[in-house]
Colleague: 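I am attaching a structure below and will ask some questions about it afterwards.
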Amino acid sequence: RAYESKYYEFVTENEPHCDLKEIYEREGIKHALIYYIHTQNSILYFCSLSSYENEKLSNEHLNIIDTTIARIRDSYRKYYT
């Protein structure tokens, strides 16, 4: 779902059973933003920005993160293409 938009908002308690939910529950992660980075040879690269709180990031922080993720994606495209 993260590759269909800027990011996927992962709220651990609301997610269906999956490996990532199990990991986050063990670690005490309550909220995460999952960013799709790249897919190469059946390997999915993603970035997870997670929090122990249910607090959402400010628009200012999201803008900084979006810019950084775009740079990372561009780097992967240049490296793998």
Colleague: Please walk me through it: do L33 and L62 pass side chain to side chain contact (heavy atoms under 4.5 Å, CB included)?
Modeller: CA-CA 10 Å; L33 301 179; L62 286 173; 3.5 Å; yes
Colleague: To the nearest 0.5 angstrom, please state how far the NE2 atom of H31 sits from the OH atom of Y52.
Modeller: 15.0 Å
Colleague: Identify whether I72 and Y7 are in the same connected component of the hydrophobic contact network (ILVMFWY, side-chain heavy atoms under 4.5 Å).
Modeller: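 Yes, one cluster joins them.
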Colleague: Decide whether L20 and V11 are clustered together by the hydrophobic rule: side chain heavy atoms of Ile, Leu, Val, Met, Phe, Trp, Tyr closer than 4.5 Å, transitively.
Modeller: no
Colleague: Between Y35 and Y45, is there shared hydrophobic-cluster membership here, with clusters defined by ILVMFWY side-chain heavy atoms closer than 4.5 Å?
Modeller: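 Looking at the clustering, Y45 is in the same group as Y35.
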Colleague: Backbone N or O of Y24 within a donor-acceptor pair of the T12 side chain at under 3.5 Å?
Modeller: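 Answer holds: no.
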Colleague: Check step by step if side chain to side chain contact (heavy atoms under 4.5 Å, CB included) holds for I69 and I65.
Modeller: CA-CA 6 Å; I69 293 293; I65 293 165; 4.0 Å; yes
Colleague: Nearest 0.5 Å, please: how far is NZ in K78 from CG in D74?
Modeller: 6.0 Å
Colleague: Distance check, rounded to the nearest 0.5 Å: N59 atom CG versus D66 atom CG?
Modeller: 9.5 Å
Colleague: Within this structure, what is the OG-CZ distance for the pair S48 and F10, rounded to the nearest 0.5 Å?
Modeller: 8.5 Å
Colleague: Between NZ of K30 and CD of E53, what distance do you get to the nearest 0.5 Å?
Modeller: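 Result: 7.5 Å between the selected atoms.
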Colleague: Would you call I29 and S51 a side-chain contact if the rule is heavy atoms closer than 4.5 Å?
Modeller: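 Side chain of I29 against side chain of S51, heavy atoms only: no contact under 4.5 Å found.
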Colleague: Before giving the answer on side chain to side chain contact (heavy atoms under 4.5 Å, CB included), spell out for E22 and H17 the whole-Å C-alpha distance, their side-chain angles and the decisive distance to 0.1 Å.
Modeller: CA-CA 7 Å; E22 282 187 27; H17 176 74; 2.4 Å; yes
Colleague: Atom CD1 of I23 and atom OG of S50: how far apart are they, to the nearest 0.5 Å?
Modeller: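 Here the rounded value is 11.0 Å.
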Colleague: Thinking salt bridges, do E9 and K56 make one under a 4.0 Å N-O criterion?
Modeller: yes
